[in-house]
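To start, the structure itself, in structure tokens.
Any value given below was found using the heavy atoms of this structure, including those in side chains, with hydrogens, waters and symmetry copies removed.
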Amino acid sequence: MIDTKIEQVVIGLGLSAIGLDRPIVQMSGGQRAKVILAKLLLEKPDVLLLDETTNFLDKEHIDWLSEYLCSLSNAFMVVSHDYAFLEKISNRICDIDNYKIGKYYGTYSEFLKKKTALRENYIRQYSAQQKEIKKTEEFIRKNIAGRKSKMARGRQKQLDRMDKMEAIEQKEVVPFFRFREMPLTSTEHLNVKHLSVGYHYPVLSNIDFSINGGQKVVITGFNGIGKSTLLKTLVGKLDILNGSFSFSEQVKLRYFEQDLYWENEKETPIQIVSNYYPSLTIKEVRKNLACCGIIGEHAMQAIGTLSGGEQAKVKICLLTLTPCNFIIMDEPTNHLDIQAKQSLRTALKEFKGTVLLVSHEPAFYKDIAQKIINIENIIKKE
């Protein structure tokens, strides 16, 4: 039974394609994440906590995970921006809004309808109460010193005892990303020849492709195949195992890494941006952070206490402050909400420079990509 269960999870998460005898050190970050998830599922804990699990999974693996979770008798709690995934697996939604947590029964789509209806009803009641308060205050102001002063004092007592509704913060912070450009030509910006990448052993081998100036190129392939490892090699974070690559001399590169790692997690976004760009005033730092959706107290919180989405916005803010003509981004949408994704898509589309993007979301890159490099096809040719 144990072997059967292991095989079920291994096939479901796509680990069989990686190889069960393969040492962990030879695996990419995505592949390791799958191994950790498989281990958790097989342990069957009383309560399973999953934080953005689908970031490292392909559609067929997400579908399998959905069915697996639905069949569990134990409890689980999921944080996810994948609303289709939530629709399949959830029968309770805990929604954080206006500094409170509301619990809703039913599917994700049912939750959206209920929340909208409750919000609209609350706003109507709040508006009616505000009108009543203003009317009462006006009566008190006019009559507190006149012959109706006793009535006015009575109204004041009623007002003091009233259970006043709180205003809902309806204003959403929608980021506006914009990358600063440098001049470029349409000549070849990047040439990759017979490149092998990995940590101690090759994860990917014999990779060949080229990118011209101004092209928007997307790298695809199943999660865990080694796309992030390839990008880390191109930006110099990992050594080449074999082959070569070269950037044009005119390339000024900026890189977005999907890992949310900070040298000092106690520093605030204001401190981080100020350290990178000491010539900027605090006012200018705040303005740039606000454009990227980081406002108010979040700009002064320790970066380690911010959500994944807020940390990603700080990283994008750092990218936007230096002019460049080549942007490499590794799964930038993993922690972003819908509005932030739309803003980033627009910024990349309008950017006149070269873009090399790794993404598992076709809906995000379909309007951007001029060229798609499928790593799976390269492997099959070998």
Are [X] and [Y] close enough for a salt bridge, meaning some N to O gap below 4.0 Å?
X      : Y      : value
Glu43  : Lys39  : yes
Lys142 : Glu138 : yes
Glu67  : Lys88  : no
Lys100 : Asp95  : no
Asp160 : Arg155 : no

Please check if any side-chain donor atom of His189 sits under 3.5 Å from a side-chain acceptor atom of Ser248, or the reverse.
no

Between Pro183 and Asn325, which heavy-atom pair has the shortest distance, and what is it?
O-ND2, 3.2 Å

Is the NZ atom of Lys5 crowded by more than 12 outside heavy atoms at less than 6.0 Å?
no

Stacked cation flag Arg32 on Tyr199, 6.0 angstrom / 45 deg:
yes

Between Phe256 and Lys315, is there a cation-pi geometry (under 6.0 Å to ring centre, at most 45° from the normal)?
yes

Side chains of [X] and [Y]: closer than 4.5 Å at any heavy-atom pair?
X      : Y      : answer
Leu190 : Thr354 : no
Leu50  : Leu69  : yes
Phe209 : Val217 : no
Leu231 : Glu257 : no

Does Phe177 offer a backbone N or O that forms a donor-acceptor pair with the side chain of Ser343 under 3.5 Å?
yes

